[in-house]
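Both counts, for ligands and for their atoms, begin at 1 and track the order of listing. Atoms considered below: every heavy atom in the structure, side chains included; atoms not considered: hydrogens, waters and symmetry mates. These numbers come from a predicted model, not from an experiment.
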Amino acid sequence: MTRILPILIFPEPRLRGRAKPVIDFNPSLDELVATLLKTMYAAPGIGLAATQVGIMQRVAVVDLGEESGMDKPLILINPEITWRSTETSSYEEGCLSLPDFYEPVSRPQAIKLRNQTSKGESRTLNAEGLLATCIQHEMDHLDGVLFIDYLTPLKRNMIERKLRKQKRLAETL
Ligand code: GNR
Ligand code: NI
């Protein structure tokens, strides 16, 4: 049975942890992927990293939706960027772990990627535009990096302060 897991919200120490490579390609990996997909669609979001549900393994999912021309979700297992374009592009990024904050972030416009299937087979993948941005955003989560890390200290501090305050308020309820 696939369950929806609660998504960790900043400030949460596990969001800053580094996820470990998947080494056992057993059926429980498909379970984890199914859980991430269900949690992402329920949120809803266009990506989700295992880190965001407190599972410190290098697994993430991305689905930009049918309108984008994606017919199925992208499953990332031990993803590694092998090439980045020098050209960058900027998108308004949001994050399920930083709810209700959206800021433009500049990243390489196109990337090449090494990835693994849930059976452990190696694959390569090219991505550009919003897909490239989303893959980089998810891979950052696996290294404990959040999109606010790319903002000016002023913007970043403002968002961090508001989220800390929200957490304090939630705890006094
Ligand atoms: O739902 C999400 N939208 C989004 C928009 C622009 C760039 C990245 C993203 S990913 C985000 C979901 C999320 O937090 N994934 O980690
Ligand atoms: Ni995110």
Side-chain angles (χ1 to χ4, degrees), residues 2-22 29 32-81 84-85 87-111 113 115 125-152 155-160 162-164 166-167:
T2 313
R3 301 234 309 162
I4 294 171
L5 296 179
I7 294 171
L8 303 176
I9 307 292
F10 179 95
E12 155 61 55
R14 284 174 289 177
L15 288 173
R16 292 307 194 175
R18 196 179 157 78
K20 293 196 167 65
V22 172
L29 186 55
L32 170 58
V33 168
T35 300
L36 291 178
L37 286 171
K38 192 164 184 174
T39 302
M40 173 181 71
Y41 292 130
I46 59 173
L48 187 72
T51 307
Q52 291 177 278
V53 292
I55 297 172
M56 305 311 277
Q57 295 199 61
R58 303 189 78 78
V59 180
V61 293
V62 174
D63 193 340
L64 304 184
E66 283 183 9
E67 274 182 49
S68 73
M70 258 176 118
D71 57 332
K72 54 179 169 35
L74 174 63
I75 315 298
L76 296 171
I77 298 170
N78 297 334
E80 283 180 54
I81 294 178
R84 298 168 164 83
S85 64
E87 188 193 340
T88 58
S89 62
S90 175
Y91 283 96
E92 286 269 313
E93 294 198 19
C95 182
L96 295 168
S97 298
L98 303 157
D100 303 323
F101 292 97
Y102 301 88
E103 294 290 343
V105 176
S106 176
R107 301 183 186 266
Q109 190 274 337
I111 51 174
L113 208 74
N115 191 25
L125 174 75
N126 297 337
E128 59 173 38
L130 180 59
L131 180 60
T133 281
C134 200
I135 291 170
Q136 292 174 82
H137 175 116
E138 300 318 327
M139 288 180 67
D140 273 354
H141 277 302
L142 303 180
D143 291 326
V145 173
L146 299 169
F147 84 77
I148 53 171
D149 300 347
Y150 300 107
L151 305 181
T152 64
K155 273 191 176 154
R156 177 182 166 165
N157 288 336
M158 184 202 67
I159 293 171
E160 289 188 348
K162 287 180 178 170
L163 286 167
R164 285 204 185 87
Q166 275 188 25
K167 183 160 203 182

Is any side-chain N of the basic residue among R16 and D143 closer than 4.0 Å to the acidic one's carboxylate O?
->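 No.
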
May I ask you to decide whether R156 forms a salt bridge with E103, counting only side-chain N to carboxylate O separations under 4.0 Å?
->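 Looking at R156 and E103, the cut-off is not met.
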
Close N or O approach (A49, ligand 1; < 3.5 Å) | no

Would you say T133 has any N or O atom under 3.5 Å from an N or O of ligand 1, going by distance alone?
->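 No, no N or O pair falls under 3.5 Å.
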
Are there more than 12 heavy atoms of other residues, nucleotides or ligands under 6.0 Å from atom NZ of K167?
->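 Yes, because the 6.0 Å sphere around NZ of K167 holds more than 12 heavy atoms from other groups.
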
CD (E92) with more than 12 external heavy atoms under 6.0 Å = yes

Please state which protein non-hydrogen atom is closest to [atom] and give its distance, to 0.1 Å?
{"atom": "atom 14 (O) of ligand 1", "answer": "L96 N, 2.8 Å"}
{"atom": "atom 1 (O) of ligand 1", "answer": "I46 N, 3.1 Å"}
{"atom": "atom 13 (C) of ligand 1", "answer": "G47 O, 3.4 Å"}
{"atom": "atom 7 (C) of ligand 1", "answer": "E93 CG, 3.5 Å"}

With a 4.5 Å heavy-atom cut-off, do P79 and L142 have their side chains touching?
-> yes

Would you mind reporting whether R107 and S90 have side-chain heavy atoms less than 4.5 Å apart?
->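 No, too far: nothing below the 4.5 Å cut-off.
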
Atoms in ligand 1 flagged as close to [X], the criterion being non-hydrogen separation under 4.0 Å:
{"X": "E138", "result": "10 (S), 13 (C), 15 (N), 16 (O)"}
{"X": "G45", "result": "1 (O)"}
{"X": "H141", "result": "16 (O)"}
{"X": "G94", "result": "4 (C), 5 (C), 6 (C), 8 (C), 9 (C), 10 (S), 11 (C)"}
{"X": "E92", "result": "6 (C)"}
{"X": "C95", "result": "14 (O)"}

E93 and side chain to side chain contact (heavy atoms under 4.5 Å, CB included): which partner among L146, V105, L151?
-> V105

Does a donor on one side chain sit under 3.5 Å from an acceptor on the other, for Q52 and S97?
-> yes

Quick one: does Q136's side chain have a donor or acceptor within less than 3.5 Å of a partner on P108's backbone?
-> yes

Ligand 1 contact on M40 by region, counting heavy-atom pairs under 4.0 Å | neither

Is ligand 1 under 4.0 Å from a heavy atom in the side chain of H137, in the backbone, in both, or in neither?
-> side chain

Nearest heavy-atom pair of V22 and N78: which atoms, and what distance?
-> N-OD1, 2.8 Å

Where the Ni ion (ligand 2) is the vertex, angle from H141 NE2 to H137 NE2 to 10° | 100°

